[in-house]
Amino acid sequence: MAQNDMSIYEHIGELRKRILIVGGFFLAAMIFGLFLSPVLITYLQNIPEAESFPMNVFKLTDSLKLYMNFSFFIGLILIFPLLLYQLWAFVAPGLLEKEKKVTLAYIPIATILFFGGLAFAYFILFPNVIHFLSNLSDRLNLTEQYGVNDYFAFLFQLTIPFGFLFQLPVVVMFLTRLGLVTPAWLRKVRKFAYFALLILAGFITPPEIVSHLMVTVPLFLLYEISITISRFSYKKVLKAEQEKMEQWAKEDKERNIK
């Protein structure tokens, strides 16, 4: 049954089915995360950036909170491709066969970008931010005494958002194929987009210029890449529309002959 032939109750039922599937796999991924968390926590406590940090717990529940937070984020990362697939499966019945294949191809691209964003934040951004903050504490003659939850919350704050921010090219590609945005429009609103990305970078990073630039510049590059991708996608949209018009003209001509 095509999605546009489904009733509102069938739409809700289909959405409920997809949510239950994602929820079930997320629960299983979190349980797996419970076993993986101690290994990751130990590893991240002993990386060069954290070796000099005396991590402490200040509440009885800090250890449990850290354990559960790790399980949650491990589960989120593991099911990300499944989440994309279930989203595709929900909208797929309303798409043409060719559109289904095109949109399905977005899933591996989005997954690669998601893990690429995590890798960029962890291997490049995080060490430099930690190094800057440690040097700042030394210059101010401050003794670093961190809570373990503060350290890992800061790590998650820097890394996880980048996994989603790196989806920008895929989102733009998808919106272009739907006809909701065009390369010309993206160029027109570039200044406003840059300003929005600048503010967004300020929420992610500490209030200092070096870290802010390390986030802002990649976001600007992602936006420019998105414009380029949109240009190629838009050409395909125009080509598809031209082929459709030619097909309609051909069918009208055949009907007139008959």
Side-chain angles (χ1 to χ4, degrees), residues 19-84 86 110-138 140-167 200-208 210-212 214-215 218-219:
I19 291 175
L20 287 175
I21 292 173
V22 171
F25 275 93
F26 179 61
L27 181 60
M30 276 195 65
I31 293 173
F32 175 75
L34 291 174
F35 296 97
L36 187 60
S37 292
V39 179
L40 275 179
I41 292 171
T42 302
Y43 168 75
L44 291 171
Q45 283 178 312
N46 292 287
I47 60 175
E49 292 78 23
E51 283 180 343
S52 60
F53 288 176
M55 298 184 195
N56 306 283
V57 290
F58 301 116
K59 297 179 182 178
L60 290 174
T61 57
D62 276 356
S63 299
L64 178 61
K65 181 180 177 182
L66 175 64
Y67 198 44
M68 297 308 298
N69 282 344
F70 255 88
S71 300
F72 174 84
F73 285 114
I74 289 172
L76 179 64
I77 292 170
L78 290 179
I79 70 156
F80 183 76
L82 175 71
L83 180 63
L84 294 177
Q86 293 303 320
T111 302
I112 292 171
L113 286 172
F114 179 74
F115 287 105
L118 294 179
F120 168 81
Y122 176 72
F123 289 107
I124 298 177
L125 181 61
F126 180 68
N128 284 282
V129 172
I130 290 295
H131 180 70
F132 171 82
L133 294 177
S134 296
N135 286 342
L136 181 61
S137 297
D138 290 339
L140 297 175
N141 294 317
L142 300 175
T143 301
E144 294 179 308
Q145 196 76 12
Y146 299 104
V148 67
N149 274 321
D150 294 330
Y151 168 74
F152 284 110
F154 185 69
L155 171 62
F156 291 141
Q157 179 187 343
L158 282 181
T159 55
I160 299 298
F162 263 88
F164 294 100
L165 288 173
F166 268 52
Q167 301 303 304
L200 184 60
F203 283 106
I204 297 174
T205 59
E208 53 88 17
V210 177
S211 300
H212 196 277
M214 290 185 65
V215 173
L219 291 181

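The residues of the chain are indexed from 1 along the displayed sequence.
With a 6.0 Å radius and a threshold of 12 heavy atoms from other residues, nucleotides or ligands, Phe58 has its CZ atom above the threshold. In this structure, Tyr122 places its OH atom where more than 12 heavy-atom neighbours from other residues, nucleotides or ligands lie under 6.0 Å away. Shown here is Leu140, whose CG atom has more than 12 heavy atoms of other residues, nucleotides or ligands within 6.0 Å.
Residue Ile124 comes nearest to Met214 through the heavy atom pair O-CE, 3.7 Å, listed as atom of the first residue, atom of the second, then distance. The two residues Leu155 and Thr159 make their nearest non-hydrogen contact at O-OG1, 2.8 Å. Annotation for Pro127 and Ala121: closest pair CD-O, 4.5 Å, computed over non-hydrogen atoms.
Distance check, rounded to the nearest 0.5 Å: OH of Tyr67 to OG1 of Thr61 gives 16.0 Å. Note that the CG atom of Asn69 and the OG atom of Ser37 stand 9.5 Å from one another [nearest 0.5 Å]. To the nearest 0.5 angstrom, Leu82 atom CG is 10.0 Å from Thr111 atom OG1. If you take CE on Met30 and CG on Leu78, they are separated by 11.5 Å, rounding to the nearest 0.5 Å. Taken to the nearest 0.5 Å, the CD atom of Gln86 stands 9.5 Å off from the CD1 atom of Ile79. The distance from the CG atom of Leu66 to the CG atom of Asp150 is 11.0 Å, given to the nearest 0.5 Å.
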Assess the residue pair Phe72 and Phe26 against the criterion (ring pair (Phe, Tyr, Trp, His ring centres under 6.0 Å)); give the C-alpha distance rounded to whole Å, side-chain angles, the decisive distance to 0.1 Å, and a yes or no. CA-CA 9 Å; Phe72 174 84; Phe26 179 61; 5.5 Å; yes
Q) Could you walk me through whether Val148 and Gln45 pass the side-chain contact (heavy atoms from CB on, under 4.5 Å) check? A) CA-CA 9 Å; Val148 67; Gln45 283 178 312; 4.0 Å; yes
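One N or O on the side chain of Gln167 and one on the backbone of Ala110 form a donor-acceptor pair closer than 3.5 Å. Of the possible donor and acceptor atoms, none in the side chain of Asn135 sits under 3.5 Å from a partner among the backbone N and O of Phe132.
Paired with Phe162 under the rule ring-ring contact (aromatic ring centres under 6.0 Å, His included), one option of Phe114, Phe115, Phe126, Phe120 passes, and it is Phe120.
Counting heavy atoms from C-beta on, the side chains of Ile160 and Ile77 come closer than 4.5 Å. Within the 4.5 Å cutoff, the side chain of Ile41 has heavy atoms near those of the Phe70 side chain.
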